[in-house]
Amino acid sequence: MSIIIFLVFLLCCTSSVLSTKDDEITLLKIKKQLADPYGLRWWVKGFDYCNRSANVAPDYSGITCTSTGRVESLILQNLDVTKPFPDGICSLTEMDYLEIYKIPGLYGPIPSCFTKLYNLVRLSITYTSLSGAVPDFSGRIKPSNLTFINLSRNQFSGTIPPSFGSLPKLIDLDLSFNRLTGTIPPALLSTSTSLLALANNSLTGEIPKCYGAVNFSVFVVRGNRLNGDPSFLFGKQQTAVNIELANNDFEFDLSNVEFSDNLYGFDLSHNKIYGRIPNSFATAARLWYPNLSFNRLCGELPQGGNMGRFDASVFANNACLCGYPLQPCSNSAPAPAPAPASKPPF
Ligand SMILES: *[C@@H]1O[C@H](CO)[C@@H](O)[C@H](O)[C@H]1NC(C)=O
Ligand SMILES: *[C@@H]1O[C@H](CO)[C@@H](O)[C@H](O)[C@H]1NC(C)=O
Ligand SMILES: *[C@@H]1O[C@H](CO)[C@@H](O)[C@H](O)[C@H]1NC(C)=O
Ligand SMILES: *[C@@H]1O[C@H](CO)[C@@H](O)[C@H](O)[C@H]1NC(C)=O
Ligand SMILES: *[C@@H]1O[C@H](CO)[C@@H](O)[C@H](O)[C@H]1NC(C)=O
Ligand SMILES: *[C@@H]1O[C@H](CO)[C@@H](O)[C@H](O)[C@H]1NC(C)=O
């Protein structure tokens with residue numbers, strides 16, 4: 001009798017102890033690979049890493065566990081280290097959430113074993129010095145439930161792997177403030193409401209036309225070297241609330257663009273946009289934060305509707321815009337096109 005109880009105990013409890021121990025060894029390995037940073041001082045042999053209330057510290061790097069004691073989420077932040085990426089992280093294979101935040105001394109590439117983390121749902125690595133290629137999830141086993149990836153503010157270089165497009169549930173992808181080059185691959189995201197942010201890289205070429213069919217909520221490519229005509233991102237049917245295209249080489253005629261009633265803000269400043277400002281600019285119901293400055297627009301601004309919301313800086317530094325809130329248009333030169341010299345205004 002007591003032997004059976006003992007055997008049952010041995011079976012149920014040693015298995016959970018074993019899996020717990022697996023990740024304990026891994027966590028201690030990660031700590032060692034990071035050269036024992038002060039922020040992880042409570043990671044010691046035998047520590048109860050699944051107990052959140054025991055693990056709270058002011059500089060909290062957090063762990064949560066699955067019911068079997070495997071690490072389910074890991075946050076490493078504000079650590080004072082100068083080390084490469086700890087490949088121990090690749091062994092936390094049950095992990096669905098990984099956040100690495102403000103570890104500026106973390107350098108070098110993300111090791112290829114990283115793609116073994118196929119249970120990942122949310123991944124955020126920001127404010128580090130990690131460099132090399134962004135992880136490519138094109139392997140046979142993919143983190144197929146990955147919905148959110150934020151790799152902004154690191155030093156990743158090379159091109160954007162088209163394999164992001166093979167992650168069926170990916171809806172938010174932020175690769176801003178890196179050193180990425182090349183063109184934007186088509187179909188990076190599926191067509192449900194999504195966020196794509198690629199600001200401040202060195203991307204070139206045109207925005208793929210297929211993005212006109214994605215129901216974006218937010219689309220941000222400001223601060224690159226993109227060109228062409230991305231006006232298909234606008235239009236009455238479009239769902240985006242914010243579109244940021246500033247500081248590129250986009251060149252197109254704005255005259256017939258329609259702004260949707262979903263649009264809350266857009267920034268087209270510092271491009272080569274020409275033509276006049278269409279009437280839908282004044283009637284788009286939710287438009288509060290547009291910016292058309294530093295382009296080549298010309299002609300009389302539409303009046304009424306939203307126009308009272310916008311100050312002159314929204315329209316500054318264009319070819320020849322006029323009308324409230326800019327200076328009144330001169331009667332002798334109605335503005336739509338750079339008028340062939342008519343009567344001088346004196
Ligand atoms: C978790 O840690 C707290 C604080 O140290 C302790 O009071 C509590 O008993 C622990 N819970 C478990 C389940 O071990
Ligand atoms: C993805 O999520 C589904 C539903 O929650 C789950 O059954 C499946 O095991 C998950 N797949 C992976 C690779 O985590
Ligand atoms: C990505 O992380 C950066 C820095 O932590 C943050 O500013 C940005 O809002 C995040 N992006 C998304 C889509 O959450
Ligand atoms: C995109 O949005 C439109 C309009 O809101 C909707 O009719 C369409 O079904 C959406 N498409 C997808 C793939 O979500
Ligand atoms: C982002 O790009 C803009 C314009 O290209 C530049 O003025 C700005 O300094 C950049 N910001 C960072 C943080 O690199
Ligand atoms: C529009 O963009 C210009 C140039 O980036 C900036 O100086 C100005 O403050 C912006 N205006 C508004 C209202 O955002």
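Just the heavy atoms: all of them, side chains too, but no hydrogens, waters or symmetry mates, feed the values below. Order of appearance sets the numbers: ligands from 1, and atoms from 1 within every ligand.
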| With a 4.5 Å limit on heavy-atom distance, are the side chains of Y289 and F266 in contact? | no
| query | Which atoms from ligand 3 have a heavy atom of S152 less than 4.0 Å away? | reply | 1 (C), 2 (O), 3 (C)
| said: Between S152 and T126, do the side chains contain a donor N or O and an acceptor N or O under 3.5 Å apart? | reply: no
| Proximal ligand 3 atoms for L195, defined as those under 4.0 Å from one of its heavy atoms | 13 (C)
| said: Is it the case that ligand 6 has an N or O less than 3.5 angstrom from some N or O of D267? | reply: no
| query | Are L170 and F164 side-chain neighbours, meaning at least one heavy-atom pair lies under 4.5 Å? | reply | yes
| said: In this structure, would L254 and L326 fall into the same cluster of hydrophobic residues linked by side-chain contacts under 4.5 Å? | reply: yes
| Ligand-residue contact atoms, ligand 3 with D174, heavy atoms, under 4.0 Å | 1 (C), 8 (C), 10 (C), 11 (N), 12 (C), 13 (C)
| request: Taking the side chain as every heavy atom from C-beta outward, state whether I110 and F156 have any atom pair closer than 4.5 Å. | output: yes
| message | Can you confirm whether the side chains of N227 and E251 place a donor and an acceptor under 3.5 Å from each other? | response | no
| Nearest non-hydrogen partners of L203 and N224, listed with the distance | N-OD1, 3.0 Å
| So, is N291 polar-close to ligand 6, with some N/O to N/O distance under 3.5 Å? | yes
| Does ligand 3 have a heavy atom under 4.0 Å from the side chain of D172, from its backbone, from both, or from neither? | neither
| field | Ligand-side contact atoms (ligand 3) for residue partner F148, heavy atom cut-off under 4.0 Å | value | 14 (O)
| said: What does the 4.0 Å heavy-atom contact list look like for ligand 2? | reply: Y118, N119, S144, N145
| query | Can you find a heavy atom in the side chain of Y211 that is under 4.5 Å from one in the side chain of F219? | reply | yes
| Counting both backbone and side chain atoms, is some N or O of T126 under 3.5 Å from an N or O of ligand 3? | yes
| said: Could you tell me if the side chain of F85 sits less than 4.5 Å from the side chain of P109, heavy atoms only? | reply: no
| task | Output the list of atoms in ligand 3 that are nearer than 4.0 Å to some heavy atom of Y101, sorted by atom number. | result | 5 (O)
| field | Six-ring centre of F137, K142 cation under 6.0 angstrom, axis tolerance 45° | value | no
| task | Check whether NZ of the Lys or CZ of the Arg R296 lies under 6.0 Å from the centre of the six-membered ring of Y274 and within 45 degrees of that ring's axis. | result | no
| query | Considering only heavy atoms of N150, which atoms of ligand 3 have at least one such atom less than 4.0 Å away? | reply | 1 (C), 2 (O), 3 (C), 8 (C), 10 (C), 11 (N), 12 (C), 14 (O)
| Relative to the heavy atoms of S293, which atoms of ligand 6 are at a distance of less than 4.0 Å? | 1 (C), 2 (O), 3 (C), 4 (C)
